[in-house]
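Here's the structure, in C-alpha cells; my notes come after.
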Amino acid sequence: QVQLVESGGGLVQAGGSLRLSCTASGRTFSSYAMGWFRQAPGKEREFVAAISWSGRITYYAHSVKGRFTISRDNAKNTVYLQMNSLKPEDTAVYYCASRSSNDRDTYYLNPWDYGYWGQGTQVTVSS
C-alpha cells in the first residue's frame with residue numbers, strides 16, 4: 001500500500017521560509033514523478049510544483065517560480081518543497097502527490113495525473 005506523509009507546515013510571517021517534506025512508502029519511490037499542490041479555503045486545488053522521477057526536470061506554477069524549489073532524495077524516499085519569501089496568498093493546505101504509473105522522465109501538472117496523495121499539511125503565512 002502506497003503512503004505519502006507530508007510534514008513541515010506551520011505558521012510563518014510574510015517573507016519567511018518553510019521546507020515541506022513528503023516521505024513515501026510502499027513501493028520504489030525513485031521510479032515515479034512527484035508533485036506538490038495546494039488548496040486554500042473556498043478554492044480549487046492548484047498546481048504548485050512538479051519533479052520528474054530522476055529529479056532532472058522540474059516545473060513551477062508562475063505564482064511561485066523563483067521563490068519555491070522542489071527537489072527529491074530518492075535514497076530517502078522523500079520529496080521536498082523549499083518555500084522562501086512567503087506571502088499571505090501562499091496560505092493553504094499543501095499536498096504531495098505521486099504518479100501511479102512509471103513512464104517518461106517528465107513532469108505532470110494536473111491533479112488527475114497523480115494516483116496517490118498525502119493527507120496534507122497546513123501552511124499559514126501572516127501579514
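Below, all heavy atoms of this structure are taken into account, side chains as well, without hydrogens, waters or symmetry copies. Since the structure is predicted, the reported quantities are computational estimates derived from the model, not experimental observations.
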Nearest-0.5 Å distance, OG of residue Ser98 to CG of residue Asp113 = 12.0 Å
Closest contact, heavy atoms only, [X] versus [Y]:
X     : Y      : answer
Leu18 : Gly8   : CD2-O, 3.8 Å
Ala14 : Ser127 : CB-CA, 4.4 Å
Gly9  : Val123 : CA-CG2, 4.1 Å
Tyr95 : Gln119 : CE2-O, 3.5 Å
Gln39 : Lys43  : NE2-O, 3.1 Å

Is a side-chain N or O of Thr91 found less than 3.5 angstrom from the main chain of Val125, in a donor-acceptor match?
-> yes
Any sub-3.5 Å donor-acceptor pair from Asp105's side-chain atoms to Ser54's backbone N or O?
->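 Judged by distance alone, yes, a pair lies under 3.5 Å.
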Go through the structure and list residues passing side chain to side chain contact (heavy atoms under 4.5 Å, CB included) with Gln82, not counting sequence neighbours.
->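 Once residues adjacent in sequence are excluded, the partners of Gln82 under the side chain to side chain contact (heavy atoms under 4.5 Å, CB included) criterion are Ser17, Arg19, Thr69, Asn84.
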Please tell me whether [X] and [Y] are part of a single hydrophobic cluster in this structure, the criterion being side-chain heavy atoms less than 4.5 Å apart.
X     : Y     : answer
Val48 : Tyr80 : no
Trp53 : Met34 : no
Ile51 : Tyr94 : yes

In short, ring-ring contact (aromatic ring centres under 6.0 Å, His included) pairs touching residues 19-50 with sequence neighbours left out are Phe37-Phe47, Phe37-Tyr114, Phe37-Trp117
Counting C-beta onward and ignoring hydrogens, is there a side-chain heavy-atom pair between [X] and [Y] closer than 4.5 Å?
X      : Y      : answer
Arg38  : Ser63  : yes
Phe68  : Leu86  : yes
Tyr108 : Asn110 : no
Met83  : Val12  : no

Thr106-Ser52 side chain donor-acceptor pair, cut-off 3.5 Å | no
Can you run down the salt bridge (charged side-chain N to carboxylate O under 4.0 Å, His left out) pairs that involve residues 59-76, sequence neighbours left out, and say none if there aren't any?
-> Arg67-Asp90
Residue from Leu20, Thr121, Leu81, Val93 passing side-chain contact (heavy atoms from CB on, under 4.5 Å) with Glu6 | Thr121
